[in-house]
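Beneath this line is the structure, given in structure tokens, with notes to follow.
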Amino acid sequence: MLTLLELLKDGRFHSGQALGGALGVSRSAVWKQLQQLESDLGLSIHKVRGRGYQLAVPLMLLNSVDIREQSKDCPWTVLVFDSIDSTNAEALRSIELGAQAPFLVLAERQMAGRGRRGRKWVSPFAENLYYSLVLRVDGGMRQLEGLSLVVGLAVMQTLRQFGIVGVGLKWPNDVLVGPKKIAGILLELVGDPADVCHIVLGVGINVNMQKTDEVDQQWTSMRLESGLQVDRNQLVARLNMMLKAYLARHQLQGFASIQEEWEQNHLWQGRAVSLVAGVNKIDGIVMGIDQQGALRLKVDGIESVYSGGELSLRLRDDS
Ligand code: ATP
């Protein structure tokens with residue numbers, strides 16, 4: 001089906017005969033595939049008698065050669081899927097099968113894209129970025145300290161390179177423009193964190209998405225912020241390079257060297273928040289983070305430190 005999409009992606013008209021010829025199938029088989037593209041991928045296709053078929057909006061698909069060409073310093077294997085449950089899930093399966101890290105898993109869409117604690121990440125076809133970079137870590141716990149915060153910073157800086165104004169961070173791992181979420185980060189680990197392990201750095205960025213009814217909180221996308229269509233291959237390449245630079249700094253100098261920069265970009269610094277862990281809630285003022293990336297919160301005048309994957313921050317109404 002993707003071959004048909006490759007033929008149509010230029011946004012020009014193609015006759016049924018020409019498409020059938022190129023694919024080696026009958027015109028009625030082309031027709032069926034076109035209907036499938038519409039129903040499965042939510043694409044809109046113009047059908048004009050005498051002219052043929054045309055995508056309503058031209059598509060720029062992910063291309064591993066293009067990505068490697070544009071990020072030569074990151075010679076990672078790049079795997080691109082048309083459709084997958086989740087790029088993180090695929091990355092975890094590949095690790096189990098013995099794939100050599102580093103490698104990168106990308107998909108045009110995710111059928112079961114995930115956020116933290118089993119929440120869903122909305123992942124329509126060919127609009128956004130669903131990106132999972134797998135690294136082998138053998139430096140023990142220190143190499144993992146604050147890692148999801150480092151990834152957030154790299155994502156934020158990449159978005160700034162594309163001219164997104166007002167982008168910042170929310171502890172522990174959200175990237176926001178004002179109150180609206182533009183990217184999410186999900187790190188997953190396999191192996192022994194104290195010895196040798198693999199870590200999957202999962203990143204979802206809203207790129208060219210302009211509408212969806214599925215996201216149940218405020219969101220935005222690069223396109224909505226800048227008004228410009230973004231080349232996702234270029235975005236992957238720049239994110240690769242940015243992540244590589246931040247990860248190298250993290251590896252050499254530890255999270256302490258990144259703490260201050262992270263705090264400077266924390267949108268909720270000094271705000272009155274509730275820290276939520278399941279049914280428990282603690283109210284406090286955000287002081288910042290410590291040298292391991294844990295949250296520093298002033299609660300009843302006393303500063304306490306909180307960390308763990310199950311914690312979420314919410315702004316208090318009186319903030
Ligand atoms: P946190 O618990 O860190 O405060 P969160 O509630 O935003 O953050 P995450 O696990 O980071 O949770 O992300 C999942 C949530 O993000 C979903 O429950 C949904 O509200 C929202 N979401 C899902 N898809 C998208 C998307 N494409 N863009 C923006 N937000 C999304």
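Numbering of ligands and ligand atoms starts at 1, following listing order.
Ranking the protein heavy atoms by distance from atom 8 (O) of ligand 1 puts Asp174 OD2, 3.4 Å first. Residue, atom and distance of the protein heavy atom nearest to atom 18 (O) of ligand 1 are Arg119 CD, 3.5 Å. For atom 26 (C) of ligand 1, the nearest protein heavy atom (residue, atom name, distance) is Trp121 CZ2, 3.5 Å. Regarding atom 2 (O) of ligand 1, its nearest protein heavy-atom neighbour is Ser312 OG, 2.5 Å. The protein heavy-atom contact nearest to atom 28 (N) of ligand 1 is Asn206 ND2, 2.8 Å. Among protein heavy atoms, atom 17 (C) of ligand 1 sits closest to Lys120 O, 3.5 Å. Protein heavy atom at the shortest distance from atom 15 (C) of ligand 1 is Gln217 NE2, 3.7 Å.
Salt bridge annotation for Arg249-Glu261: present, with a cationic side-chain nitrogen under 4.0 angstrom from a carboxylate oxygen. Under 4.0 Å is where a charged nitrogen must lie from a carboxylate oxygen, and between Lys9 and Glu6 at least one such pair does.
If you number the atoms of ligand 1 from 1 as listed, the ones under 4.0 Å from a heavy atom of Arg117 come out as 2 (O). Within the listing of ligand 1, atoms 10 (O) sit less than 4.0 angstrom from a heavy atom of Gly115. Close approach of ligand 1 to Trp219 (heavy-atom distance below 4.0 Å) involves ligand atoms 29 (C).
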Test salt bridge (charged side-chain N to carboxylate O under 4.0 Å, His left out) on Asp174 and Lys181 and set out the steps. CA-CA 7 Å; Asp174 281 347; Lys181 190 148 159 167; 3.2 Å; yes

Criterion side-chain hydrogen bond (donor to acceptor under 3.5 Å, both in side chains) on His266 and Glu263, from CA distance to verdict: CA-CA 5 Å; His266 192 203; Glu263 279 184 344; over 6 Å; no

Decide yes or no on side-chain hydrogen bond (donor to acceptor under 3.5 Å, both in side chains) for Arg117 and Ser312, but give the supporting numbers first. CA-CA 11 Å; Arg117 297 192 291 287; Ser312 291; 2.7 Å; yes

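Counting heavy atoms from C-beta on, the side chains of Leu59 and Asp10 never come closer than 4.5 Å. Counting heavy atoms from C-beta outward, Trp31 and Lys47 have side chains that approach closer than 4.5 Å.
For Arg223 and Gln229, the side-chain atoms include at least one donor-acceptor pair closer than 3.5 Å. Under 3.5 Å, the side chains of Glu127 and Asn208 contain no donor-acceptor pair of N or O atoms.
Between atom 11 (O) of ligand 1 and the options Arg116, Met209, Lys181, the minimum heavy-atom separation is to Lys181. For atom 30 (N) of ligand 1, the candidate residues are Val122, Val215, Ile205; the nearest heavy-atom contact is made by Val215. With atom 20 (O) of ligand 1 as the reference point, the heavy atom nearest to it among Leu176, Ile185, Asp216 is part of Asp216.
Remark: Arg51 CZ is loosely packed, at most 12 non-hydrogen atoms of other residues, nucleotides or ligands lying under 6.0 Å away.
Proximity of Arg114 to ligand 1 is not established, as no heavy-atom distance is less than 4.0 Å. Taking a 4.0 Å cut-off on heavy atoms, Lys170 registers as neighbouring ligand 1. The closest approach between Glu214 and ligand 1 stays at or above 4.0 Å for every heavy atom of the residue.
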